[in-house]
Amino acid sequence: MQGLAAWLVARPQNAVLGLAVTLLLPAPQLTSGVIMVLLVLAQGIRRAVVEAMAAASLLVVVSLVFGVSVASILVLMAGTWVPVIILAILLMRTRSLALTLQVTVIVAVVAMLGFYLVVADPVAFWQPTLAAMDEFARQSGLAVNTELLNAEVMTLSATLAFWMLYVAGLLLGYALSNGLPGEAGRYGWFRDLSFGRVIASMMAIASLLALVVDGAWLHNIAFVLFVVFWIQGLAIVHWMHAQQVLPLGAVVAVYVLLPFLQVLLITGLGILGYMDAWFEFRRRMKKA
């Protein structure tokens with residue numbers, strides 16, 4: 001990975017090619033977005049934007065040659081690059097990975113609140129998407145339980161999906177930049193990540209209010225605030241490996257099993273991360 005990072009920042013044409021090619025891959029936020037974060041952190045915002053504009057021009061030409069919708073390519077570029085550029089700039093300004101991720105959690109909650117304030121009828125809003133999913137599933141010979149995919153689940157899933165994609169892009173791009181000379185740990189280490197007691201308190205208050213207030217929006221906010229702590233739980237796993245408490249195989253096993261045991265692992269890591277926010281297990285283990 002260190003060689004890849006060095007190659008991407010070595011020459012402008014390497015960066016342009018990397019941005020353009022990876023944007024066309026599945027989950028571009030985890031490919032092209034990662035490269036964009038690396039370029040911003042390693043080269044600065046101006047040069048990274050120039051390289052992004054060059055990659056955009058190349059993609060527009062390719063789309064015209066092959067008859068692909070230019071509008072769809074432009075939307076894809078904006079949705080992939082703009083959010084991670086903002087996150088990378090925020091990381092450079094705050095000089096703290098933990099503070100940057102705390103801000104992303106607050107933004108996700110505010111975005112969900114804004115959705116419920118702006119959209120008067122979430123059911124009608126998500127109906128075309130659910131219908132398209134159902135049609136695609138029938139054409140593919142798949143079965144989709146549309147009863148489970150209601151408006152509240154779709155809102156919750158969309159919020160968490162976008163948050164996870166952009167946060168993962170930031171973390172992976174930052175990890176790539178750490179492989180460059182003189183860049184290691186400039187804004188903190190992922191293994192030391194903590195969302196802190198403020199986010200933990202927000203989750204506790206939202207959960208208590210959700211017990212007495214009948215509102216799907218409040219339940220969704222409480223759930224989002226809990227799920228984000230699985231990232232902190234994952235950071236603890238990396239910290240335990242760095243402290244030689246866990247072998248590398250255990251860390252690899254977590255990532256390998258994650259696609260198969262999503263609910264179980266994310267719940268377990270979320271509980272671990274949430275408890276750590278209150279009791280600071282890593283600090284206590286260091287003292288011990």
*Asks:* CD1/Ile231 to CG/Leu171 distance, rounded to the nearest 0.5 angstrom?
*Replies:*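 Reported value, rounded in 0.5 Å steps: 6.5 Å.
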*Asks:* Is it true that, when you exclude Phe162 itself, more than 12 heavy atoms of the residues, nucleotides or ligands shown sit nearer than 6.0 Å to its CZ?
*Replies:*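 Check fails, neighbour count at 12 or below.
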*Asks:* To the nearest 0.5 Å, what is the distance between CG on Leu156 and CG on Asn220?
*Replies:*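 Rounded to the nearest 0.5 Å, the CG-CG separation comes out at 4.5 Å.
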*Asks:* Could you list the residues that satisfy side-chain hydrogen bond (donor to acceptor under 3.5 Å, both in side chains) with Arg282, not counting sequence neighbours?
*Replies:*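 Result, side-chain hydrogen bond (donor to acceptor under 3.5 Å, both in side chains) vs Arg282: Asp276.
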*Asks:* What pairs meet the salt bridge (charged side-chain N to carboxylate O under 4.0 Å, His left out) rule with one or both residues in residues 50-72, with sequence neighbours excluded?
*Replies:*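 Only Arg47-Glu51 qualify under salt bridge (charged side-chain N to carboxylate O under 4.0 Å, His left out).
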*Asks:* Which atom pair, heavy atoms only, marks the closest approach of Gly233 to Leu272?
*Replies:*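 It is O-CD2, 4.0 Å.
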*Asks:* How about Gln244: does its CD atom have over 12 heavy atoms from other parts shown lying under 6.0 Å from it?
*Replies:*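 Incorrect, the count does not exceed 12.
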*Asks:* If you take all heavy atoms of Thr80 and Tyr166, which pair is closest and at what distance?
*Replies:*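 Result for this residue pair: O-CE2, 4.4 Å.
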*Asks:* In a table with atom names and distances, give each donor-acceptor pair under 3.5 Å that connects a side chain of residues 196-216 to protein atoms at least two apart or in another chain.
*Replies:*
from: Arg197; atom 1: NH2; to: Trp278; atom 2: O; distance (Å): 2.8
from: Ser201; atom 1: OG; to: Arg197; atom 2: O; distance (Å): 2.6
from: Ser207; atom 1: OG; to: Met203; atom 2: O; distance (Å): 2.8

*Asks:* For Phe223, is the CZ atom crowded, meaning more than 12 foreign heavy atoms sit under 6.0 Å from it?
*Replies:*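 No, because the 6.0 Å sphere around CZ of Phe223 holds 12 heavy atoms or fewer from other groups.
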*Asks:* If you group Ile, Leu, Val, Met, Phe, Trp and Tyr whenever their side-chain heavy atoms sit less than 4.5 Å apart, what else falls in with Val263?
*Replies:*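 Members other than Val263 - counting any ILVMFWY side chain reachable under 4.5 Å - there are none.
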*Asks:* Can you sort out the partners of His238 under side-chain hydrogen bond (donor to acceptor under 3.5 Å, both in side chains), two or more places apart, ordered by chain and number?
*Replies:*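 Listed in chain order: Tyr255.
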*Asks:* Using every non-hydrogen atom in the two residues, find where Thr100 and Leu91 come nearest and quote the distance to one decimal.
*Replies:*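 Where Thr100 meets Leu91 most closely, the heavy atoms are OG1-CA, 3.3 Å.
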*Asks:* Taking the ring of Phe226 and the ring of Tyr274, is the distance between their centroids below 6.0 Å?
*Replies:*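 Distance test on ring centres: not under 6.0 Å, no.
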*Asks:* A side-chain contact here means heavy atoms from C-beta on lying under 4.5 Å apart; do Leu172 and Leu38 qualify?
*Replies:*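 Result no, sub-4.5 Å side-chain heavy-atom pair not found.
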*Asks:* Hey, quick one: are Val252 and Leu269 part of the same hydrophobic cluster, counting side-chain heavy atoms closer than 4.5 Å, chains of contacts allowed?
*Replies:*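 Looking at the clustering, Leu269 is in a separate group from Val252.
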*Asks:* How would you list, by chain and number, every residue that makes a ring pair (Phe, Tyr, Trp, His ring centres under 6.0 Å) with His219, sequence neighbours excluded?
*Replies:*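 If we apply the ring pair (Phe, Tyr, Trp, His ring centres under 6.0 Å) test to His219, skipping adjacent residues, there are no hits.
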*Asks:* Same cluster or not: are Val254 and Ile271 linked, directly or through other Ile, Leu, Val, Met, Phe, Trp or Tyr residues, by side-chain heavy atoms under 4.5 angstrom apart?
*Replies:*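 Yes, Val254 connects to Ile271 through the hydrophobic network.
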*Asks:* Would you say the side chain of Tyr116 lies within less than 4.5 Å of the side chain of Glu152, judging by non-hydrogen atoms?
*Replies:*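 Yes, close enough: below the 4.5 Å cut-off.
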*Asks:* So, the side chain of Gln102 versus the backbone of Ser194: is there a donor-acceptor pair under 3.5 Å, distance only?
*Replies:*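 Answer holds: yes.
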*Asks:* State whether the side chain of Ser157 and the backbone N or O of Met154 hold a donor-acceptor pair below 3.5 Å, judged by distance alone.
*Replies:*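 Pair absent, no side-chain N/O of Ser157 close to backbone of Met154.
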*Asks:* Out of curiosity, Trp230 CH2 to Leu234 CG, how far, rounded to the nearest 0.5 Å?
*Replies:*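 Result: 5.5 Å between the selected atoms.
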*Asks:* Is Val84 close to Gln29 at the side-chain level, that is, under 4.5 Å between some pair of heavy atoms?
*Replies:*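 When only atoms from C-beta onward are counted, Val84 and Gln29 do not touch, as no gap falls below 4.5 Å.
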*Asks:* Cluster question for you: counting only ILVMFWY and a side-chain heavy-atom cut-off of under 4.5 Å, with indirect links fine, are Met92 and Leu8 together?
*Replies:*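 Hydrophobic grouping puts Met92 with Leu8.
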*Asks:* Look up atom CG in Leu165 and atom CG in Leu170, then write down how far apart they are to the nearest 0.5 Å.
*Replies:*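 Interatomic distance, Leu165 CG to Leu170 CG, rounded to 0.5 Å: 12.5 Å.
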*Asks:* Nearest 0.5 angstrom please: Leu97 CG to Arg191 CZ, how far?
*Replies:*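 Going from CG on Leu97 over to CZ on Arg191, the span is 12.0 Å.
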*Asks:* Could you please spell out the steps behind the side chain to side chain contact (heavy atoms under 4.5 Å, CB included) verdict for Phe115 and Thr159?
*Replies:* CA-CA 10 Å; Phe115 173 83; Thr159 302; over 6 Å; no
*Asks:* Is there a side-chain contact between Thr155 and Trp217, using heavy atoms and a 4.5 Å cut-off?
*Replies:*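 No; the side chains remain at least 4.5 Å from each other.
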*Asks:* Mark yes or no for whether Ser32, through its side chain, and Thr22, through its backbone, hold a donor-acceptor pair below 3.5 Å.
*Replies:*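 Such a contact is absent between Ser32 side chain and Thr22 backbone.
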*Asks:* Would a distance-only check, ignoring hydrogens and angles, find a side-chain to backbone donor-acceptor pair under 3.5 Å from Tyr174 to Phe190?
*Replies:*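 No, the answer is negative, given that no donor and acceptor are paired below the 3.5 Å cut-off.
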*Asks:* For the pair Trp163 and Phe195, name the ring-plane relationship: parallel under 30°, tilted 30 to 60°, perpendicular over 60°.
*Replies:*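 Tilted.
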